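Step one of this worksheet: look at the structure below.
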Amino acid sequence: MTRDSAEFERRHTLVGKLGRETARLAARRPACKAPPRAMVSFTFDDAPATAATFAGARLEAAGFRGTYFACGGYMDGMDGPLAPYADWSAVRALAAQGHEIACHTHGHRNCAVIGPAEAVAETARNREAFEQHGLSAPTTFAYPFGDLSAGAKAALAPHFNLLRATHAGLMSKGSDLNQAPAVAIEGAAAARTGITWLERAMAEGAWLILYTHDVAEAPSPYGCTPAAFEAVVGKVRELGLEVVTMAEGAARLTA
Ligand SMILES: [Zn+2]
């Protein structure tokens with residue numbers, strides 16, 4: 001299987017776009033409660049090494065914890081576009097500090113492309129790898145590439161308390177826990193985008209889920225710089241938003 005296989009990219013076609021939008025109407029699990037107060041989550045897809053080291057330490061210094069959507073395949077040394085990734089011991093260290101280690105597909109395969117049964121098998125493989133390496137069973141999931149189909153969503157939903165996508169938005173009462181929105185802090189607009197959405201979450205008393213990948217001086221197009229990350233963390237402190245992991249946030253909207 002090669003890197004340019006359709007399994008390893010987001011579907012950029014009209015069919016892909018319509019598939020993601022159609023899925024938003026299917027297999028919904030509406031949140032039964034609004035968050036008690038405005039809150040924010042920091043999430044890191046694929047757990048690149050810099051997200052674990054720099055960003056993890058930065059969050060801890062502020063008294064915050066993040067959520068890392070990790071792939072067993074990457075932690076086992078599988079190559080990927082955002083390498084190097086955190087290895088098992090780095091991820092265990094994050095867990096020991098109170099960060100949430102959450103589920104992606106084991107080989108970072110696209111759930112919409114591989115289909116519902118294989119998507120479930122991929123997450124089972126990841127869960128098993130977590131267990132073998134001393135991590136707790138993950139309770140939340142992020143769709144790799146933010147891509148999904150209605151069928152994959154319906155098949156995966158029973159296995160997690162929350163499943164995160166990548167369309168921008170805020171979570172509150174009635175929002176779909178099976179296809180939760182998230183705002184990217186990436187590229188040149190990372191800090192500005194993050195700050196705008198933090199203000200919006202504060203004004204609406206909603207839950208904002210942020211996501212990025214690597215946090216480095218020369219980040220990938222899917223990551224951000226330490227300065228941008230710092231600006232977003234600073235704004236969270238200034239606004240006094242509560243910081244929750246994905247698992248904690250899901251519990252607030254359902255308990
Ligand atoms: Zn990913």
Side-chain angles (χ1 to χ4, degrees), residues 1-12 16 19-20 23 41-53 55-56 66-88 90-91 94 99-115 118-127 129-130 135 138-149 152-153 156 159-160 162-168 178-187 190 209-216 219-224 229 245-247:
M1 199 176 295
T2 58
R3 262 291 131 196
D4 60 3
S5 156
E7 291 186 6
F8 298 105
E9 61 187 21
R10 182 176 168 94
R11 296 172 304 157
H12 293 289
R20 289 185 288 275
S41 295
F42 287 92
T43 71
F44 304 93
D45 289 18
D46 314 347
T50 55
T53 53
T67 298
Y68 293 79
F69 291 102
C71 300
Y74 286 150
M75 290 187 282
D76 279 335
M78 184 179 99
D79 191 28
L82 304 176
Y85 298 94
D87 61 14
W88 288 106
V91 170
L94 287 170
H99 297 281
E100 177 185 6
I101 311 304
C103 202
H104 228 19
T105 50
H106 182 272
H108 208 273
R109 296 166 74 199
N110 183 322
C111 296
V113 175
I114 62 179
E118 190 56 25
V120 171
E122 272 278 322
T123 59
R125 211 168 286 145
N126 215 30
R127 193 184 296 268
F130 277 26
L135 295 169
T139 61
T140 69
F141 172 79
Y143 298 100
F145 313 100
D147 206 359
L148 67 153
S149 61
K153 178 182 179 182
L156 288 166
H159 301 279
F160 298 100
L162 183 144
L163 299 91
R164 204 217 69 204
T166 56
H167 56 287
N178 292 343
Q179 194 172 352
V183 170
I185 41 176
E186 64 184 17
I209 303 167
L210 295 169
Y211 77 96
T212 192
H213 290 80
D214 50 328
V215 181
S220 75
Y222 313 105
C224 69
F229 191 78
T245 63
M246 296 292 287

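Everything numeric here is computed off the predicted structure, so don't read it as measured data. Below, all heavy atoms of this structure are taken into account, side chains as well, without hydrogens, waters or symmetry copies. For the single chain, residues carry numbers from 1 onward in sequence order. When a ligand or atom number is given, it counts from 1 through the structure's own listing order.
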Closest approach of F160 to C103 (non-hydrogen atoms, all atoms of both residues):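 The answer is CE2-CB, 3.7 Å.
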
The Zn ion (ligand 1) reached by H213 (N, O or S, under 2.8 Å):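 No - counting backbone and side chain alike, H213 has no N, O or S atom under 2.8 Å.
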
Residue D46 atom name (nearest to the Zn ion (ligand 1); N/O/S):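 Closest N, O or S atom of D46 to the Zn ion (ligand 1): OD1.
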
Minimum-distance atom from the Zn ion (ligand 1) among N, O or S atoms of H108: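 When I compare the N, O and S atoms of H108, NE2 is nearest to the Zn ion (ligand 1).
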
Residue of the set R10, R11, R109 for which salt bridge (charged side-chain N to carboxylate O under 4.0 Å, His left out) holds with D147: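 Looking at R10, R11, R109, the match for D147 under the salt bridge (charged side-chain N to carboxylate O under 4.0 Å, His left out) is R11.
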
S220-D214 side chain donor-acceptor pair, cut-off 3.5 Å: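 Yes - a donor-acceptor pair under 3.5 Å links their side chains.
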
Aromatic centroids of F44 and F42 separated by under 6.0 Å: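 No, the ring of F42 stays outside the 6.0 Å limit from the ring of F44, centre to centre.
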
